[in-house]
Amino acid sequence: MIYKKLHNWNITPKEAINIQNELKKLLKFKKFEKETFLVAGVDLSFPNKYGLAVIVVLDQKFNIKEIVHHIEKVKFPYIPGLLAFREGPIFLKAWEKLKTNVDIVFFDGHGIAHPRKLGIASHMGLWIEKPTIGIAKSKLVGNYKEPEKKHGSFSYLEYSGERLGIVYRSKDNVKPIFISPGYLIDIGSSLKITKLFIGKYKLPEPTRLAHIYTQKIKKKFLSC
DNA sequence: GCGACAG
DNA sequence: ATCTTGTCGC
């Protein structure tokens, strides 16, 4: 798949923050209305000094339609708030190898639930020009009330007077997941679509499967 | 200055 | 994320 090159990746943390402040002005959100669609889940692992990105495409019945991956040396450190500058470039190389035209992409991390409203899901959404949703296992910023222990319960994640995401209990008695829209989708649709992809586990199938493959391919890579 | 801090 | 086995609890 193709994408729009919005800026260089060879930059300093300070420049990265400036880029985020500029890109957030381009964000748009809307209701997702397609009835039939394909989704993709993205995740990365880090064997040694390398970054390994995996993209798994699923249909609405959780059937795997395509899987692609890409490995290359990581060039940016992990800094809270700047995750996209570490994982984004590697994900985009994998995206180039993808042949299936997907309708929504789930990322491992936040969307607009970010200090500058530009988490990795929002950032990559702007590059690939597709609706994106951020699925994080812990919060980066914001306040919220702990959801009830029963699966299906949720509360809102608020930051600087705004509702940026949802804290959703996907299964009984498990830590909730943090759902936030990335780009071209609103909060309501993000929750609705995410619910459709929760199977037997806490994490939605797209990112859960991407994570499994990220670990599997990493082992092969390390053993040869 | 102190605490928080996606993966 | 990564280093790593068993183990407590639903």
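Computation of the quantities below employed the complete heavy-atom set of this structure, encompassing side-chain atoms and omitting hydrogens, waters and symmetry-equivalent molecules.
- When distances are taken from the side chain of Lys139(A) to each of dC5(B), dA6(B), dT2(C), the shortest belongs to dC5(B).
- Tyr201(A) places its OH atom 20 Å from the P atom of dC10(C), with the value rounded to the nearest Å.
- Rounding to whole angstrom units, NZ of residue Lys175(A) and P of dG9(C) are separated by 19 Å.
- OP1 or OP2 of dC10(C) has not a single side-chain nitrogen or oxygen of Lys171(A) nearer than 4.0 Å.
- A distance of 8.0 Å separates CD1 in Ile128(A) from CG in Leu92(A), rounded to the nearest 0.5 Å.
- Note on Gly81(A): a base of the nucleic acid sits closer than 4.0 angstrom, heavy atoms only.
- Here the side chain of Asp108(A) is nearest to one of dA6(B), dG7(B), dT2(C), namely dG7(B).
- Under the 6.0 Å cut-off for aromatic ring centres, Phe85(A) and Trp9(A) qualify, their centroids lying closer than that.
- Contact annotation: His110(A) side-chain N/O to dG7(B) OP1/OP2 distance is not under 4.0 Å.
- For Ser138(A), a side-chain nitrogen or oxygen approaches OP1 or OP2 of dG7(B) to under 4.0 Å.
- Whole-Å rounding puts the Met124(A) CE to dG7(B) P distance at 16 Å.
- Distance, Ile217(A) CD1 to dA1(C) P: 15 Å, rounded to whole Å.
- Lys137(A) has a side-chain polar atom (N or O) that falls below the 4.0 Å cut-off from OP1 or OP2 of dG7(B).
- Classification of Arg208(A) and Glu205(A) as a salt-bridged pair holds, one side-chain N sitting under 4.0 Å from a carboxylate O.
- Counting to the nearest Å, the C1' atom of dA1(C) and the NZ atom of Lys73(A) are 19 Å from each other.
- Ring stacking holds between Tyr78(A) and dG7(B), with the centres under 5.5 Å apart and the planes within 30 degrees of each other.
- Here dC10(C) is the nucleotide among dG7(B), dA6(B), dC10(C) with the atom lying nearest to any side-chain atom of Asn173(A).
- Less than 6.0 angstrom separates the ring centroid of Phe37(A) from the ring centroid of Phe32(A).
- Straight-line distance from the CD1 atom of Ile135(A) to the P atom of dG7(B): 11 Å, rounded to whole Å.
- Among dG7(B), dA6(B), dA1(C), the nucleotide with an atom closest to any side-chain atom of Glu87(A) is dG7(B).
- Straight-line distance from the CG atom of Leu52(A) to the C1' atom of dT2(C): 14 Å, rounded to whole Å.
- For Phe76(A) and Tyr78(A), the ring centers sit 6.0 Å or farther from each other.
- As a whole-Å value, the separation of Ile177(A) CD1 from dA6(B) P is 17 Å.
- Backbone-only engagement by His211(A) is indicated by non-hydrogen atom pairs under 4.0 Å involving sugar-phosphate atoms exclusively.
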